[in-house]
Every structure is written in structure tokens, then in C-alpha cells.
Amino acid sequence: MLNLNFQVSCEFRCEPIYSIEGKLYAVEVLTMFTGGFSGGKLEPQNFISLLDAKSKHTLLSSQLQAISRKASFFRTCNILCSLNVDQSMAIMILEDSEISNIIKENEYIRLEISERFPRIDKVNGNIILNELSRTYKLWLDDYGVDFSNINTLKNSQFESVKIDKKYFWENGASVMWPGTINDIRKYCSKIIVEGVETASQFRNLTHSGVYGVQGFLFPAVLLTKIENLLPAPANLN
């Protein structure tokens with residue numbers, strides 16, 4: 001557990017991502033914060049957005065170091081590991097050799113870029129993101145939230161696209177869903193659907209053209225206990 005300061009502490013959790021065939025494909029490492037005035041859980045995205053540059057650097061470095069300590073697991077099991085980064089963290093990756101070296105040395109790490117990343121949907125894209133994509137493998141997160149248009153996929157090379165859970169819940173049963181999947185696959189073949197909460201939802205996606213699934217149907221574990229994710233749960237076999 002990392003202590004960011006005397007008031008807030010955090011721990012790293014892994015949300016598993018399974019291929020549609022039921023094999024563990026990757027994990028997304030998320031940071032859970034507790035403390036503050038209430039002493040309870042803090043909303044991660046909001047809390048991270050309030051951190052200053054020094055604190056974000058400390059957090060990012062600690063996340064990467066914790067992930068690298070599990071390198072043997074990721075390599076032996078051929079599992080990928082995704083980590084969310086915002087624009088300021090992306091700049092750190094480009095400019096800080098300590099940060100960049102950890103990512104380069106751990107080839108299984110993937111950087112998740114939110115669809116809310118500034119100018120990601122514009123014709124010329126985002127200069128920082130374009131530079132990042134030249135060296136690192138990127139995943140697009142939150143597809144379908146606010147700026148869901150195909151320009152987002154045209155502007156940068158993404159190894160995987162993660163469809164936002166709310167978008168899936170609202171559109172997964174629509175007659176338009178197959179067309180959406182086909183449009184995405186023109187630019188990225190590996191589509192991961194977030195928000196899968198029931199076995200029925202998983203079965204409905206089996207022949208839909210998506211590559212993987214993530215959601216409450218597949219419980220998260222602490223990064224320190226990532227080995228507990230193997231073997232795959234029975235409801236995927």
C-alpha cells in the first residue's frame with residue numbers, strides 16, 4: 001500500500017480482461033484511494049485530477065514499479081497489463097527517463113488513453129498523443145462516452161479499443177450494435193467491451209466480433225495477489 005501523504009493512502013487492484021474464448025488476456029491496474037476528511041473511499045478519477053505534478057509523478061512511478069514487480073507473472077502467462085494515463089502523465093512518460101525506462105523494459109505494459117484526452121477526436125489529433133504512439137502501445141478507453149466518432153480511431157494507432165460500459169448497456173442490444181462493431185474493426189481489430197455483469201451478457205457477445213470482455217462478472221484482485229486470477233472462472237468455460 002502506497003501512502004501519498006498523511007491523509008490519503010492507496011492500493012493497486014487488477015480488473016481482469018478475458019478473451020471471448022475465456023482465457024485471461026490482460027488486466028487493467030486501477031488505484032483505489034482511501035482517506036481525506038471522511039476517511040472513506042475517494043473517487044479515483046476525480047482525486048487524480050486534483051493532484052499536483054509532483055504527486056502525479058509519485059503515483060505513476062509507484063504504479064509502474066508495482067507492476068514491474070509482477071513481471072515474471074505477466075511474461076510467463078503471456079498476460080498484458082494496461083494503465084490509465086492522462087495528458088500530464090503522458091508528458092512525464094515522454095520527458096522522464098525513469099518513467100519511460102520502466103515501460104520500455106516491461107513490454108507487456110499498455111497505456112490506456114481516455115476518449116476524453118484533449119483534441120483526440122480532431123483532424124490533426126493531439127501532438128502529445130501522436131508522439132506517445134510512436135514508442136508505446138496504446139489502448140483507447142471510454143469509447144462511446146462523449147466524443148465517439150470514428151476520427152478518434154483514424155488519428156492514432158490503437159492496439160485495442162475499450163467500449164465504455166454505459167455505451168454497452170445502452171446500445172449492446174440495439175440493431176445498430178453490429179454496425180458499430182464493424183466500423184471500429186476497420187481501424188482496430190481488438191475490441192474489449194466493459195460493463196459485462198452477467199453470464200447472459202457474456203454469451204451474447206460471444207459471436208459479436210469483439211475480442212475481450214471486462215466487468216463485475218469477473219472480480220478484481222489486489223495486484224499483489226494477481227496469481228489468483230488463474231485459472232479462468234468456470235462461467236467462461
Exercise. Given the rule that I, L, V, M, F, W and Y join up when any side-chain heavy atoms are under 4.5 Å apart, are L132 and M92 in one cluster?
Worked result: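 Yes; tracing contacts between hydrophobic side chains, which count when under 4.5 Å, links both residues.
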
Do you know the tightest heavy-atom contact between [X] and [Y]?
X    : Y    : result
F73  : L24  : CZ-CD2, 4.4 Å
S68  : I102 : CB-CG2, 4.4 Å
C81  : V29  : SG-CG2, 3.4 Å
E194 : F168 : O-CD2, 3.5 Å

Problem set entry | salt bridge (charged side-chain N to carboxylate O under 4.0 Å, His left out): pairs with one or both residues in residues 207-223, sequence neighbours excluded |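 Sorted pair list comes back empty.
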
For this session: Inspect the contact between E107 and K137 and indicate whether a charged nitrogen and a carboxylate oxygen are less than 4.0 angstrom apart.
Result: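 Salt bridge: no.
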
For this session: Run the numbers on S55 and D52 for side chain to side chain donor-acceptor pair (under 3.5 Å), then give the verdict.
Result: CA-CA 5 Å; S55 296; D52 59 22; 2.9 Å; yes

Exercise. For residues S82 and E112, is any side-chain donor paired with an opposing acceptor at under 3.5 Å?
Worked result: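 E112 and S82 do have a side-chain donor-acceptor pair below 3.5 Å.
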
Exercise. Looking at F202 versus Y18, is the centre-to-centre ring distance below 6.0 Å?
Worked result: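 No, the ring of F202 stays outside the 6.0 Å limit from the ring of Y18, centre to centre.
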
Exercise. Is there side-chain contact between T31 and F12, with at least one heavy-atom pair below 4.5 Å?
Worked result: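 T31 reaches F12 side chain to side chain.
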
Exercise. Angle class for the F33/F47 ring planes (parallel below 30°, perpendicular above 60°, tilted otherwise)?
Worked result: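 The rings of F33 and F47 sit tilted, inter-plane angle from 30° to 60°.
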
Exercise. Between Y167 and W177, how do the two ring planes meet: parallel, tilted or perpendicular, split at 30° and 60°?
Worked result: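 Tilted, since the angle between the ring planes falls between 30° and 60°.
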
